[in-house]
Undergrad: 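Take this structure first; my questions come after.
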Amino acid sequence: MIPETERALLLHQLKNYLVFLKESGHTHIPLNNELSELPVMAVPARVFRDSSPQLLDSGMKPTRPDQQSKKALEPAIRLDQVREELGDCQRCKLCDTRNTIVFGSGNPEADLVFVGEGPGADEDAQGLPFVGRAGKKLTEIIEKGMLLNREKDTYICNIVKCRPPGNRDPEKDEVDACKPFLIKQLKAIRPKVIVALGKPAASTLLGRSVPITKERGTWHEFEGMKLMLTYHPAYLLRAYTLENRRAVHEDMQKVLKVLNT
Ligand code: URA
């Protein structure tokens, strides 16, 4: 009999490998003697808080190899459980028009989580958050502005997991239906810092209407985790002023300071 924790670990690794195969263009698993043709996957960064060069370069604290026990896998497993609980969600009307549920992506062991508003057309098509224009901007902020690696050092999700039609703001009933899953996601990861991108994310996490222009750059608390508020990258693209870019840069420097302590 395989112990429960090992079984969960093996299932998790198998799932990661299947996702890896899918992402690298494989549409089926060959039988028997063709198995050796499958690519080998490096130890999945999204499972272990590793001591990779990027992590060290970024100044973030790696976990010692002897700490990479089964315990280090718990956030990933917990996150999988949240995803399973969400299932083929029909809890609000967004399920009628979505193509895909966009749960989140990145490293479940990350110290930093970004929370956006909701998937757009590109995200709805690909099933991944922040892959369109705003996503490119966010990646630039993470990789050029903060010198972090998006996949390894962060986890990214949204307040609603399904695309609001025509990219309208998510409505209250939709946010209410999805919020328990956002909270469970954040508790599964327990990052050092959460960054709310824009007013809807900030207001959802703080449970009040947040004037983002006034409150960006300020620290808050969410379920015992530090919460920073900043502009949404789509707003930056719309209002591409030096002042706004500087503001986000300053906010992210404050985040880096906390990550490095
Ligand atoms: N905007 C968001 O808020 N989230 C996404 O995933 C993409 C664009």
Side-chain angles (χ1 to χ4, degrees), residues 19 23 46 79 82-83 86 89 92 94-95 97-108 110 112-143 145-146 148-151 153-179 181-186 189 191 193-206 209-213 215-216 222 227-240 244-245 247-248 251-252 255:
V19 170
E23 283 171 359
R46 59 186 113 174
L79 210 47
V82 181
R83 178 64 190 89
L86 185 64
C89 187
C92 83
L94 292 181
C95 70
T97 46
R98 69 157 187 247
N99 283 307
T100 337
I101 293 178
V102 181
F103 184 65
S105 76
N107 184 355
L112 176 58
V113 172
F114 287 94
V115 179
E117 183 179 326
D122 295 310
E123 291 77 18
D124 179 55
Q126 294 185 43
L128 292 167
F130 282 98
V131 289
R133 269 190 83 218
K136 288 203 175 77
K137 189 68 195 144
L138 179 60
T139 306
E140 192 184 304
I141 291 166
I142 295 168
E143 307 217 329
M146 304 177 83
L148 298 178
N149 178 283
R150 172 173 164 160
E151 275 304 302
D153 298 330
T154 76
Y155 186 88
I156 301 175
C157 58
N158 285 300
I159 52 174
V160 293
K161 313 296 184 222
C162 299
R163 182 190 182 202
N167 294 348
R168 63 158 169 76
D169 286 353
E171 291 168 1
K172 186 181 176 315
D173 60 313
E174 298 157 357
V175 174
D176 288 348
C178 227
K179 190 172 173 181
F181 293 93
L182 172 64
I183 296 174
K184 284 180 191 182
Q185 267 179 309
L186 294 172
I189 302 168
V193 175
I194 300 166
V195 174
L197 298 167
K199 180 185 174 84
S203 303
T204 298
L205 289 171
L206 289 175
S209 176
V210 172
I212 193 72
T213 314
E215 292 200 39
R216 61 133 277 272
F222 180 79
L227 170 65
M228 167 58 64
L229 316 181
T230 196
Y231 291 138
H232 193 287
Y235 171 72
L236 266 195
L237 290 172
R238 278 198 310 275
Y240 202 66
N244 287 343
R245 279 179 282 155
V248 173
D251 302 345
M252 294 308 102
V255 168

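As the structure lists them, so they are numbered: ligands from 1, and atoms in each ligand from 1. When reading the values below, keep in mind they use all heavy atoms of this one structure, side chains included, and skip hydrogens, waters and symmetry mates.
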Undergrad: Can you list every pair that meets salt bridge (charged side-chain N to carboxylate O under 4.0 Å, His left out) and has a residue in residues 156-174, with sequence neighbours left out?
TA: Lys93-Glu171, Lys93-Asp173, Lys93-Glu174, Arg168-Glu171, Arg168-Glu174, Lys172-Asp176

Undergrad: Side chain or backbone, does Asn158 bring an N or O within less than 3.5 Å of an N or O on ligand 1?
TA: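 N/O-N/O distance under 3.5 Å: yes.
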
Undergrad: Going by the atom numbers of ligand 1, which of them fall below 4.0 Å from some non-hydrogen atom of Pro129?
TA: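 Those of ligand 1 that fall under 4.0 Å from Pro129 are 6 (O).
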
Undergrad: What is the closest protein heavy atom to atom 5 (C) of ligand 1, and at what distance does it sit?
TA: Gly118 O, 3.4 Å

Undergrad: For ligand 1, which atoms have a heavy atom of Glu117 less than 4.0 angstrom away?
TA: 2 (C), 3 (O)

Undergrad: Determine the sole option in Val195, Leu197, Leu182 for which the side-chain contact (heavy atoms from CB on, under 4.5 Å) test with Val115 is passed.
TA: Leu182

Undergrad: Only heavy atoms of His232, strictly under 4.0 Å: list the atoms of ligand 1 that pass.
TA: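 That gives atoms 1 (N), 2 (C), 3 (O) of ligand 1.
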
Undergrad: So, do Gln185 and Leu79 sit near enough that their side-chain heavy atoms are less than 4.5 Å apart?
TA: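 The answer is yes, as the side chains (C-beta and beyond) meet within the 4.5 Å cut-off.
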
Undergrad: Is ligand 1 under 4.0 Å from a heavy atom in the side chain of Glu123, in the backbone, in both, or in neither?
TA: side chain

Undergrad: Just so I know, are the side chains of Pro129 and Phe114 near enough to count as touching, which here means a heavy-atom distance under 4.5 Å?
TA: no

Undergrad: Out of all atoms in ligand 1, which are within 4.0 Å of some heavy atom of Gly116? Include the element for each.
TA: 3 (O)

Undergrad: Considering all heavy atoms of both residues, which atom of Cys92 and which atom of Ala177 are nearest to each other, and what is their separation?
TA: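 Taking every non-hydrogen atom into account, CB-CB, 4.0 Å.
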
Undergrad: Whether the Lys199 and Thr213 side chains hold a donor-acceptor pair (N or O, under 3.5 Å, no angle test) is what I'd like checked.
TA: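 No pair is found: no donor N or O on one side chain lies under 3.5 Å from an acceptor on the other.
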
Undergrad: What do you reckon, does Phe130 have a nitrogen or oxygen under 3.5 Å from a nitrogen or oxygen of ligand 1?
TA: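 There is such a contact, yes.
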
